[in-house]
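A short write-up of the structure that comes next.
Chain identifiers are assigned alphabetically (A, B, ...) following the order of the sequence lines, protein sequences preceding nucleic acid strands; residue numbering begins at 1 within each chain.
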Amino acid sequence: MAQSNGGIRHSFGLIFPVSDPDRFLVWLSMAAYGLAALYGIVRLLRRKPGTRTVTYPLIFVGFLLQTAGLYLRGMQYGACPLGNTFEVVQFIVWSTTFLFLVIGPVFQVHLLGTATAALVTATGLISLLVPNWDYPHTSTLFGGDPLIEFHAAVSIFSYGIFGLLSTVAILYLIQYNALERKWRSRIFALLPSIVKLDNLARRLLSAGILVLTLAFLSGLMVWFDEAWEALHWKLLTVAILWLGYGVVWIMRLRQRFSPHRAAICFLTLYLFALFSLWPVSRSHDSKDQESPPSTEHLTPPTSK
Amino acid sequence: MSLPRRLLVLGVSHHRTPLDIRELFSLSQDDVRNLAERLLATEEIDEVVLLNTCNRVEAYLSGESEPDPEKVLGAMAEVTGQPLDLLRKLHYSSGNSDMLVHLFSVASGLDSQMIGETEILGQVKESLTRARKEKWVGKTMGPLFERSFQAAKWARTHTGIGQGQVTIGNVVVDLVTRVFGDLVSPRILLVGSGEVAEKTAQSLASRGARDITVTGRSFDRAEALARTFSGAVVPFETFRANLHFYDIIICSTASPEPLLTTETVREISGKRRYAPILLVDVAVPRDVEPSVGALNQVFLYNMDDLADIANENLRLREQEVENCLAELKRRAWRTWLRSVRRTLFTKLSPKVQEPKGSGN
């Protein structure tokens, strides 16, 4: 945890606190993801396909370690750990990895494991290396309202789906451009086919839309109940995302939009989704500031 | 061999001439005859073998004295209808022992666009067969070409240039896999039933392609080819009507004009609703307009593109190619020395009158 005994810790300790088992486990999980990505990239540079028997177990170990880390942190709140930017990003990374582990063996898309591992390692490491993102917050994250907790968890899970969708979109754009511009390297023969990637992207988009709709509806119910004027940023960003993905989904369904353009849209929308975390977090902070927590609400210190 | 003889090869090939210019020099069967007759009409040229493939047009010449390259270029320019200055700029030539090195390299596939390919050997043999039939060659060029066949056989047997053979078919299979993932589901149309189309289809079929349709100007040939793949055949006159049903179209006709224009492909692409389409144009002159490649979800590959990919795969075999070329140079030099020795020997014997070959 960022906050320990209410004191301010040295920045190195904030980044890599062995004394905090939750952060330490998250660090270890990033190491496992990083190894999986590194293995896949080295094989790729040697023009050889990576084997799933190495990539999958490494990602699975990383996933278990990350789950344990987030579980420990969640136990301290008694709720899903989604209180600050670090936790939100970690939960998105966790969701993306979870989805990959579920759908990866079904679709058997070459290099999806390597690309996913690279994306989650990069994203996860950024969140670990910026100490300010892991700022302290109240333990009563959702005010004991299960609807808010459901809304938060489902929203972030949809971000995870869109994270994996972006990974697929990146692979699609690389292969598409390699084919169109006639890039000659043998590396591109190891990438998945554009038809397979488009197929997977459409399924992920449908799943993401479904989950995001749930998040949007549950959010509307929350915002109607509470003072939603203070949360207009959150409403606006989720609505834009929902509309954006929805339009692409309908256009693809009606075959009025090329997979190439759709892939560019997926990346743009995902970047918007990640940047929207800032206003979402800000609205959360402003809510916290409006009703300052009492000392007993502060996150309990980690045992040393 | 009856010597003394001076040897010369002169031509244009893929090395210095891009596809869009190379197709201007493509010769029909009548053009080949016309060019050979013009060259043989030249005083210093006694024998001619013309090698005319999609990647090269070369004249192998032999005569009592050094054949004049300017006259050869002039004849080529007249027959192809292209400017002489362009030919001067693009051509290459080699004489005597260097001509033999070049011939051995060509026959072995070392000079090919796809290094190590074997089709060229058959094409060189066909060129010699035709030259013999038309009586364009006498006692010099025939034996030298025979030596080149031996050299090609040696290269394939004793060096690694033919290992893991990179063919147009294999490259197309890789492209199909990158676009569609497998070869079972895509529908394939072969436009033209020539040798290249047949070999490409064989590669696709051996890797699992099932839905192959053939069309060609000769319905019988198309039908025969379709039968070998248990495929279908459609009349050439009507094949454009259902083009949008095909995911992969491989064109290899001898049509002087493009068969598939940008407008045609845009139309079929629209009907396919953004489903990708792979166009492989192995014809020279090209069957598909180059601007088709700019269309969304349309991937167009011509001979040069396929060769670039194939040679990228061959890069690891550079050492083998160097070793092979060194040995071919030694063989060419030995063949040349043997010719010179025979020249000296025949000078001491009564001169044999060698008829100036002519198909007339």
- Look at atom CZ of B/R272 and say whether more than 12 heavy atoms of other residues, nucleotides or ligands are closer to it than 6.0 Å. yes

- Message: For A/R181, which atoms come within 4.5 Å of any heavy atom of chain B: side chain, backbone, both, or neither?
- Response: neither

- Atom NZ of B/K89: over 12 foreign heavy atoms under 6.0 Å: no

- Which value, rounded to the nearest 0.5 Å, describes the distance between B/Y301 atom OH and A/L179 atom CG? 4.5 Å

- Query: Can you name the nearest heavy-atom pair linking B/R178 to A/A178, along with the distance?
  - Reply: NH2-CB, 3.4 Å

- Part of B/D305 within contact of chain A (heavy atom distance under 4.5 Å): side chain

- Taking the side chain as every heavy atom from C-beta outward, state whether B/F180 and A/S193 have any atom pair closer than 4.5 Å. no

- Message: Using heavy-atom distances under 4.5 Å, tell me whether A/F257 contacts chain B through its side chain, its backbone, both, or neither.
- Response: backbone

- Item | Neighbour count >12 (heavy atoms, 6.0 Å) for atom OH, A/Y56 | yes

- Rounded to the nearest 0.5 Å, how far does OG1 of B/T177 lie from CG of A/L191? 13.0 Å

- State which residues pass side chain to side chain contact (heavy atoms under 4.5 Å, CB included) with A/E180; sequence neighbours excluded, sorted by chain then number. A/Y176, A/N177, B/F299

- Would you give the length of the straight line joining atom CD of B/Q297 to atom NE2 of A/H260, rounded to the nearest 0.5 angstrom? 8.0 Å

- Message: I'd like to know which of A/K182, A/R256, A/K196, A/R261 tops the heavy-atom pair count under 4.5 Å against chain B.
- Response: A/K182

